[in-house]
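To keep things clear, I will list the structure first and then write my remarks on it.
Just so we're on the same page: letters track the sequence lines, and every chain starts at 1.
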Amino acid sequence: MFNIKHALEELLSAAIDEATGLSGSNGNVIYATRPEFGDYQANGVMAVAKRAKTNPRELAAKVLAAIAENELIERAEIAGPGFINLFLVDDYLTRWGEHYAQNEQPLIEPVATAQRIVVDYSSPNLAKEMHVGHLRGTIIGDCLVRVLEASGHEVIRQNHVGDWGTQFGMLIAHMESLQTENDKLSLQLSDLETFYREAKQRFDNEPGFAETARNYVVKLQGGDEDCLQAWRMFIDTSLGHCESVYELLGVTLSRADLKPESYYNPQLAHIIESLDDKGLLSISEGAKCVFMDEFTGKEGAPLPTIVQKSDGGYLYATTDLAAIEYRASTLKADRVLYVVDARQSLHFQQVFAIARKAGMAAESCSLEHIAYGMMMGEDGKPFKTRSGDNVKLVDLLEESVRRAHAIVSEKNPSLDEETRAQIASVVGISAVKYSDLSKNRTSDYVFDWSTMLSFEGNTAPYMLYAFARIKSILRKDEAAELAGEVNLRITAEEERKLILKNLQFQETILVVAQDGLPNYLCAYLYELAGLFMRFYEACPVLKAEPEVRASRLKIVNLTAKTLEKGLSLLGLNTLEKM
RNA sequence: GGGGGUAUAGCUCAGCUGGAUAGAGCAACGGCCUUCUAAGCCGUGGGUCUCAGGUUCGAAUCCUGAUACUCCCGCCA
């Protein structure tokens with residue numbers, strides 16, 4: 001696999017081994033922190049010199065001697081206490097740039113050993129509509145799924161929707177009482193948020209209603225056909241809401257990826273038995289629990305994971321255990337990624353630990369919680385609107401498209417309405433997705449309309465704009481046939497930087513696939529687009545003399561490929577014009 | 001009470017696992033459209049990386065402690 005960073009790291013690590021007689025040294029190659037320090041820099045010498053008790057600069061000199069013969073380093077300099085600054089050979093860059101600029105050459109090569117990876121993401125609760133808090137999990141998961149697939153892995157999507165549990169009794173009871181007027185019911189269900197609020201209000205305030213609701217839960221779980229029918233209708237309507245959001249967002253989830261909580265219901269009794277068989281189960285205060293030494297609660301007391309309530313009901317942890325067993329044993333996954341918010345990290349630690357102890361997931365199956373932070377309000381407290389509600393995801397997306405439409409109409413009034421609407425749709429949706437994806441998922445973030453709906457600076461529209469400029473050049477190129485005969489060459493620093501950045505695409509993808517951090521990909525694409533913008537200002541393409549023009553067209557073409565691929569991995573569409 | 005997370009420019013955030021002078025965007029100010037799309041480019045100003053110690057050639061990053069905010073901790077999901 002083409003990976004400059006790894007190639008340099010291997011080269012430098014081997015050179016350090018050779019210079020010191022040690023083995024397994026780490027060259028510690030990173031991107032150069034400043035342009036005058038080269039393209040990459042190796043920082044490993046200082047640490048090794050310390051271990052070997054030699055002078056770092058002297059060791060660096062020996063390392064340089066050891067890498068004298070190679071095809072990718074033009075020159076290397078020792079700097080400061082023992083840094084090695086690495087300057088790449090121009091010809092190496094142009095040769096590989098040329099290689100990847102070919103239309104039929106894929107930018108990402110498959111990994112050596114493909115894995116089967118289950119990704120659990122989005123997983124909304126069907127009792128309510130999706131709100132802005134669901135954006136992260138849905139979009140991060142969808143990005144990871146795309147990146148993993150592009151890297152050659154076999155990905156199995158799992159949308160573990162919440163369709164089971166006490167709140168559905170309440171919702172069915174509310175439905176039943178409205179059932180007499182069918183038209184009214186479908187109208188009511190068109191706004192699930194209100195429907196839920198009404199049901200909840202009745203549940204809290206009408207004793208008779210709460211009673212009915214609880215009865216429905218029992219009947220539902222007992223398989224009562226009338227109840228099931230009402231439940232199915234509700235779930236179907238609610239799924240319709242989700243799907244329209246997925247459609248708007250361009251998320252790859254389909255009904256085939258659904259594996260709802262209710263799917264695991266028949267397995268739950270068996271999960272309890274199985275825990276019992278392994279001797280992991282104990283009864284505490286009437287509830288069936290698993291206690292593990294590594295988890296302690298208040299005042300060092302053992303912390304239980306409750307798997308069956310004293311009334312016999314099963315819990316979230318029970319369902320998740322069944323899901324782990326299914327994913328690890330039935331699906332035979334090498335990795336299972338849970339893209340779920342960070343509040344549940346203790347829950348997952350417990351459930352993963354139990355699954356291991358009970359043999360529900362083999363050691364070879366990696367269980368990973370891809371946690372993401374909470375959405376906060378502008379005051380730094382957990383986010384709610386003034387009325388205490390959640391902002392519906394559909395509303396955010398529609399608002400974004402509206403604003404994008406106003407801007408397109410202002411900036412480009414000559415375009416026809418259909419084109420403007422199409423541009424607004426792509427710009428509006430991608431802006432929202434990017435503003436979320438570009439933040440490090442592990443920290444909390446502040447929900448704010450203006451940054452969420454911004455179209456300038458480090459935003460998706462910036463990259464879409466760079467892409468549209470590229471396409472504009474390529475459209476006007478009337479001598480494309482010349483491009484094949486002329487070699488890629490570097491005539492300006494802007495060209496060199498842009499080519500090198502293009503060649504770093506695959507290293508970036510690798511990191512994203514490993515760590516599940518889409519913001520690395522965002523940062524990369526922003527830098528790529530920025531370098532293109534500078535190239536665009538400094539290096540005329542179409543007006544350049546024929547050979548330079550042909551060479552620059554290749555660079556433009558390569559950048560178009562990388563941008564389009566990168567944006568598609570983020571789950572963003574591109575535009576020919578904007 | 002215990003445990004997790006966070007704290008970086010006026011605001012929103014990066015900082016690729018310990019590297020050299022801590023970076024972007026927004027906001028502010030100043031320049032650049034008869035030249036491939038100005039949703040752009042160039043420039044200026046803006047920092048005690050919460051605080052106090054420690055580890056070492058070198059710390060925003062690792063360790064200890066403190067403060068603030070936040071999340072989780074037995075029958076919700």
Inset, instruction - Name all residues meeting the side chain to side chain contact (heavy atoms under 4.5 Å, CB included) criterion together with A:Gln422; count only those two or more places apart in sequence or in a different chain, and write none if there are none. - result: A:Val426, A:Leu575

Legend entry - Single hit among A:Tyr263, A:Tyr316, A:Tyr264 for ring pair (Phe, Tyr, Trp, His ring centres under 6.0 Å) with A:His160: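 Of A:Tyr263, A:Tyr316, A:Tyr264, ring pair (Phe, Tyr, Trp, His ring centres under 6.0 Å) with A:His160 is met by A:Tyr264 alone.
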
Looking at [N], which nucleotide sits across from it as a Watson-Crick or G-U wobble partner, both distances under 3.5 angstrom, or is there none?
N	value
B:A68	B:U6
B:U34	none
B:G43	B:C29
B:G74	none
B:U17	none
B:A24	B:U12

What is the distance, to the nearest angstrom, from the [atom1] atom on [X] to the [atom2] atom on [N]?
X	N	atom1	atom2	value
A:Glu285	B:C75	CD	P	9 Å
A:His134	B:A77	NE2	C1'	11 Å
A:Tyr445	B:A14	OH	P	12 Å
A:Ile509	B:C16	CD1	P	18 Å
A:Gln350	B:C75	CD	P	13 Å
A:Glu507	B:C16	CD	P	16 Å
A:Lys128	B:A77	NZ	C1'	11 Å
A:His369	B:G5	NE2	C1'	12 Å

Using a 4.0 Å heavy-atom cut-off, does [X] contact any base of the nucleic acid, only the sugar-phosphate backbone, or nothing at all?
X	result
A:Tyr31	base
A:Leu542	base
A:Asp448	nothing
A:Asp311	nothing
A:Ala287	base
A:Tyr520	sugar-phosphate
A:Ala79	base
A:Ile306	base
A:Asp163	nothing
A:Asn440	sugar-phosphate

Inset, instruction - Go through the side-chain N and O atoms of A:Tyr40 and A:Gln504 and say whether any donor and acceptor fall under 3.5 Å apart. - result: yes

Legend entry - A:Asn573 and A:Ser430: side chain donor to acceptor below 3.5 Å: no

Inset, instruction - Would you mind telling me which of A:Glu527, A:Glu495, A:Glu494 makes a salt bridge (charged side-chain N to carboxylate O under 4.0 Å, His left out) with A:Lys501? - result: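 Option passing the salt bridge (charged side-chain N to carboxylate O under 4.0 Å, His left out) with A:Lys501: A:Glu527.
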
With rounding to whole Å, what would you report as the distance between [N] and [M] at their [atom1] atoms?
N	M	atom1	answer
B:G25	B:G40	C1'	14 Å
B:A22	B:G46	P	13 Å
B:A38	B:C33	C1'	7 Å
B:C57	B:G18	C1'	12 Å
B:G1	B:U61	P	28 Å
B:C16	B:C32	C1'	35 Å

Checking contacts here: which listed nucleotide ([options]) is nearest the side-chain heavy atoms of [X]?
X	options	result
A:Asn458	B:G19, B:G74, B:A24	B:A24
A:Lys543	B:C75, B:U35, B:G74	B:U35
A:Met374	B:C71, B:G74, B:A77	B:C71
A:Lys309	B:C71, B:U12, B:C76	B:C76
A:Asp444	B:U70, B:C36, B:A24	B:U70
A:Val446	B:C13, B:C71, B:A77	B:C13
A:Phe37	B:G19, B:C75, B:A20	B:A20

Should [X] be listed as having a side-chain N or O under 4.0 Å from OP1 or OP2 of [N]?
X	N	result
A:Ser443	B:A14	yes
A:Asn519	B:G15	yes
A:Lys50	B:U56	no

Inset, instruction - Please state whether the base of B:C26 and the side chain of A:Ser454 form at least one donor-acceptor pair under 3.5 Å? - result: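 Donor-acceptor pair under 3.5 Å: no.
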
Legend entry - Donor-acceptor pair (no angle test) under 3.5 Å: A:Glu261 side chain, B:A77 base: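 No such pair is found, so the answer is no.
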
Legend entry - Closest-nucleotide 5' rank along RNA chain B - winner of A:Gln349 and A:Ala342: A:Gln349

Inset, instruction - Map A:Gln344 and A:Ile84 onto RNA chain B by nearest heavy atom, then report which one ends up closer to the 5' terminus. - result: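 It is A:Ile84 whose nearest nucleotide is closer to the 5' end.
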
Taking all atoms of both residues into account, what is the closest heavy-atom pair of [X] and [Y], and its distance?
X	Y	result
A:Leu303	A:Gln350	CD2-NE2, 3.3 Å
A:Leu12	A:Val63	CD1-CG1, 3.8 Å
A:Ala101	A:Asn557	O-ND2, 3.4 Å

Inset, instruction - If the plane angle is over 60° it's perpendicular, under 30° parallel, otherwise tilted; pick one for A:Phe352 and A:Tyr338. - result: tilted

Legend entry - Parallel, tilted or perpendicular: ring planes of A:Tyr526 versus A:Tyr462, cut at 30 and 60 degrees: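 Plane angle between 30° and 60°, so tilted.
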
Legend entry - Protein-to-nucleotide contact annotation, 5' to 3' order, nucleotides 37-45 of chain B [B base; S sugar-phosphate only; - none; under 4.0 Å, heavy atom]: BSBSSS---

Contacts under 3.5 angstrom, residues 26-34 of chain A side chains, donor-acceptor by atom type, not counting sequence neighbours:
from	atom 1	to	atom 2	distance (Å)
A:Asn26	OD1	A:Asn28	N	2.8
A:Tyr31	OH	A:Glu507	OE1	2.5
A:Thr33	OG1	A:Gln41	OE1	3.4
A:Arg34	NE	A:Glu36	OE2	3.1
A:Arg34	NH2	A:Glu36	OE2	3.0

Inset, instruction - Report yes or no: is the cationic atom of A:Arg469 (NZ for Lys, CZ for Arg) under 6.0 Å from the centre of the six-membered ring of A:Tyr536, at an angle within 45° of the ring normal? - result: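 Yes, A:Arg469 sits over the ring of A:Tyr536.
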
Legend entry - Conformer about C1'-N of B:U17 - syn within 90° of 0, anti elsewhere: syn

Inset, instruction - Could you tell me whether B:C33 is syn or anti, where syn means a glycosidic angle within 90 degrees of zero? - result: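 Syn, angle within 90° of zero.
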
